[in-house]
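Numbers for residues simply follow the sequence, beginning at 1. Note that the structure is predicted; figures quoted are calculated from it, not measured. Note that these values count all heavy atoms, side chains included, but never hydrogens, waters or copies made by symmetry. Both ligands and their constituent atoms are indexed starting at 1 by order of listing.
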Amino acid sequence: MSQTIGILGYQGCIEPHEAILASLGVRSLRVRTPEELARVDALILPGGESTTMLRFLKLHAMAPLIREFAKTKPLWGICAGAIIAASEVCNPSQDSLKLIDIVAHRNFYGSQLDSFSTQIEIDFLERPIEAQFIRAPLLSAMQPRVNSEPLRVHASLSGQPIFFSQGHVWACSFHVELGDEPALHRHFIELSRR
Ligand code: GLN
């Protein structure tokens with residue numbers, strides 16, 4: 001049976017992921033409820049507003065279910081999604097799902113007006129890709145770790161890490177879906193086939 005990639009569907013940058021997944025011939029589903037979560041093989045937490053998404057996650061009692069989901073299935077947090085997935089959040093501090101051993105320092109890359117786009121290199125991709133930073137957080141490794149999988153850095157910008165993985169959980173501070181760039185989605189789909 002073919003796989004379905006879920007996209008947390010409350011708020012934020014959802015449609016561009018749907019378009020990229022459709023262009024790769026992969027089914028996607030907006031996930032807002034426990035029933036929808038049960039129907040997907042992997043989950044994208046999209047960029048948007050982490051505080052708003054957290055409210056909806058609480059309203060639907062989704063946090064423990066996503067924690068359980070991420071023990072065995074791939075999860076990719078992008079910008080606000082990475083903030084939600086982090087073990088700790090500051091500037092200001094807020095709750096999080098604690099799925100990956102990183103600290104997210106919100107709005108580190110400035111306000112909406114400071115948004116920028118740049119080519120970045122990712123250690124497992126052959127070619128650089130275009131990445132967009134929109135009120136992006138600084139992500140940094142956290143000690144001590146709660147997850148026993150090794151924490152890896154896959155990309156950095158000006159000496160700061162911008163893309164971590166820990167087992168099958170990914171967290172990146174940048175967006176890629178706005179430039180119709182499918183390379184990372186391809187790899188994420190591969191993860192969910194394993
Ligand atoms: N600054 C936003 C937050 O804290 C994230 C912005 C984004 O996802 N592009 O939720």
Next on the checklist: By the definition ring pair (Phe, Tyr, Trp, His ring centres under 6.0 Å), identify the one residue from Trp76, Phe124, Trp170 that meets it with His154.
Outcome noted: Phe124

Item to check | Glu18 and Arg27 ion-paired at < 4.0 Å | outcome: no

Test of proximity, [X] against ligand 1: N or O pairs below 3.5 Å:
X     : result
Ala80 : yes
Cys79 : no
Thr51 : no

Keeping [X] on the side-chain end and [Y] on the backbone end, is there a donor-acceptor pair under 3.5 Å?
X      : Y      : result
Gln160 : Leu157 : no
Ser156 : Gly159 : no
Gln166 : Glu149 : yes
Ser28  : Ile5   : no

Counting each atom of ligand 1 from 1 as listed, which ones have a heavy atom of [X] under 4.0 Å away?
X      : value
Gly47  : 8 (O)
Ser50  : 3 (C), 4 (O), 10 (O)
Ile134 : 6 (C), 7 (C), 9 (N)
Glu49  : 3 (C), 10 (O)

Checklist entry - So which heavy atom in the protein is nearest atom 1 (N) of ligand 1, and how far is it from that ligand atom? => result Asn107 OD1, 2.8 Å

Checklist outcome for this item: Looking only at protein heavy atoms, what sits closest to atom 2 (C) of ligand 1 is Gly48 O, 3.7 Å

Checklist outcome for this item: Across all chains, not counting sequence neighbours, the ring-ring contact (aromatic ring centres under 6.0 Å, His included) partners of His168 are none

Item to check | Within reach of ligand 1, part of Arg106 (heavy-atom separation under 4.0 Å) | outcome: side chain

Item to check | Test item, His175 contacting ligand 1 (heavy atom, 4.0 angstrom) | outcome: yes

Next on the checklist: Per the salt bridge (Lys or Arg N to Asp or Glu O under 4.0 Å) rule, what does the pair list look like for residues 117-139, sequence neighbours excluded?
Outcome noted: Glu49-Arg135

